[in-house]
Peer 1: 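What follows is a single structure, and I will ask about it in a moment.
Ligands are counted one by one from 1 in listed order, and the atoms in each one are counted from 1 as well.
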Amino acid sequence: MITLIDGERTGSISVADGAVLRGDGCFEAIQVYGTVPFALDDHLDRLARSAALLELDLPPRALLGDWCRLLAAEGGDGVIRIILTRGSVIPDSDVPSRCIVLHHASEPVPAPLRVLPVPAPWHSAGRDWELAGAKTISYAPNQAATRRARRAGFHEALLHADDGTILEGPTFAIAWVVDETVETPTLDLKILDSITRRFALEDAARLGIAVREGRFPLSRLAAASEVMAWSTTKEVAAVGAVGDLVFEPGPVTAALADAYRERITAEVRAGGGSGA
Ligand SMILES: Cc1ncc(COP(=O)(O)O)c(C=O)c1O
């Protein structure tokens with residue numbers, strides 16, 4: 001079941017909207033555990049940053065928080081998406097920008113994930129530009145990369161720059177372990193500032209696990225003992241293959257996955273973030 005709401009509980013998008021015609025807008029995906037939208041404050045922060053970069057107005061934050069909590073209470077375990085659209089981009093139509101919140105069931109995450117390196121010529125890969133850091137809805141290239149990986153028998157793509165620098169997955173951050181150190185691409189590469197990545201790096205620091213953020217070539221993975229994917233919907237997920245390289249789920253992935261689950265348990269017990 002998909003439940004849509006907006007201010008009027010109509011939840012529709014006009015075909016004259018730039019979100020439909022040009023893929024112009026931004027969004028967030030928030031995982032619901034029980035009736036709690038996890039890390040709501042962090043997602044609303046990032047949505048506000050995306051909206052500002054796109055020069056779009058957001059409804060008041062308290063209202064967005066209320067909508068998310070309402071849908072979480074109605075829908076339970078699953079995913080909430082907040083979508084902010086551009087509004088009309090064609091003459092003679094007067095469609096305002098809309099903010100729609102929807103709830104849908106979660107997709108199961110394959111364990112372990114198998115990912116295929118795929119070149120991402122559209123990715124800024126470190127060059128700055130107006131929308132760097134924005135979580136826009138323009139995901140057609142990412143979707144094409146995922147389809148390419150699936151056609152080749154993998155679950156997901158691992159995006160890399162033209163020179164082979166590892167970037168991110170189409171919908172997740174990537175990390176691996178070399179000599180007991182977690183390595184992950186730097187945010188300087190203009191990958192998405194993943195909330196799960198942030199939590200995992202904080203947890204690693206707390207657990208005394210060394211971390212190295214940087215620019216790494218795909219060949220670096222040949223030295224890795226374990227590889228993991230980080231995202232709101234995948235949480236901390238073991239990666240069992242990157243192309244021809246095969247990995248066993250390892251202790252660092254397990255420790256970070258446990259730490260992430262502990263965060264969820266603590267937040268659910270506390271009744272969720274304020275959203276304020
Ligand atoms: C390109 C990209 N990188 C990373 C992520 C993971 O971000 P988060 O942990 O905030 O879900 C996402 C999530 O959708 C994404 O689209």
Peer 1: According to ring pair (Phe, Tyr, Trp, His ring centres under 6.0 Å), does anything in residues 136-188 pair up with another residue at least two apart or in another chain? List the pairs.
Peer 2: Phe27-Tyr139, Trp176-Phe216
Peer 1: Side chains of Leu158 and Leu221, heavy atoms from C-beta outward: is any pair under 4.5 Å?
Peer 2: yes
Peer 1: Taking the side chain as every heavy atom from C-beta outward, state whether Arg98 and Ile83 have any pair of such atoms under 4.5 Å apart.
Peer 2: no
Peer 1: Under a 4.0 Å heavy-atom cut-off, which residues neighbour ligand 1?
Peer 2: Arg46, Lys135, Tyr139, Glu168, Gly169, Pro170, Thr171, Phe172, Ala173, Leu192, Ser194, Ile195, Thr196, Trp230, Ser231, Thr232
Peer 1: When you compare the side chain of Pro217 with that of Ile166, does any pair of heavy atoms fall below 4.5 Å?
Peer 2: no
Peer 1: Would a 4.5 Å heavy-atom cut-off, applied to side chains only, mark Thr253 and Val236 as touching?
Peer 2: yes
Peer 1: Could you check if a side-chain atom of Pro37 sits within less than 4.5 angstrom of a side-chain atom of Arg69, using non-hydrogen atoms only?
Peer 2: yes
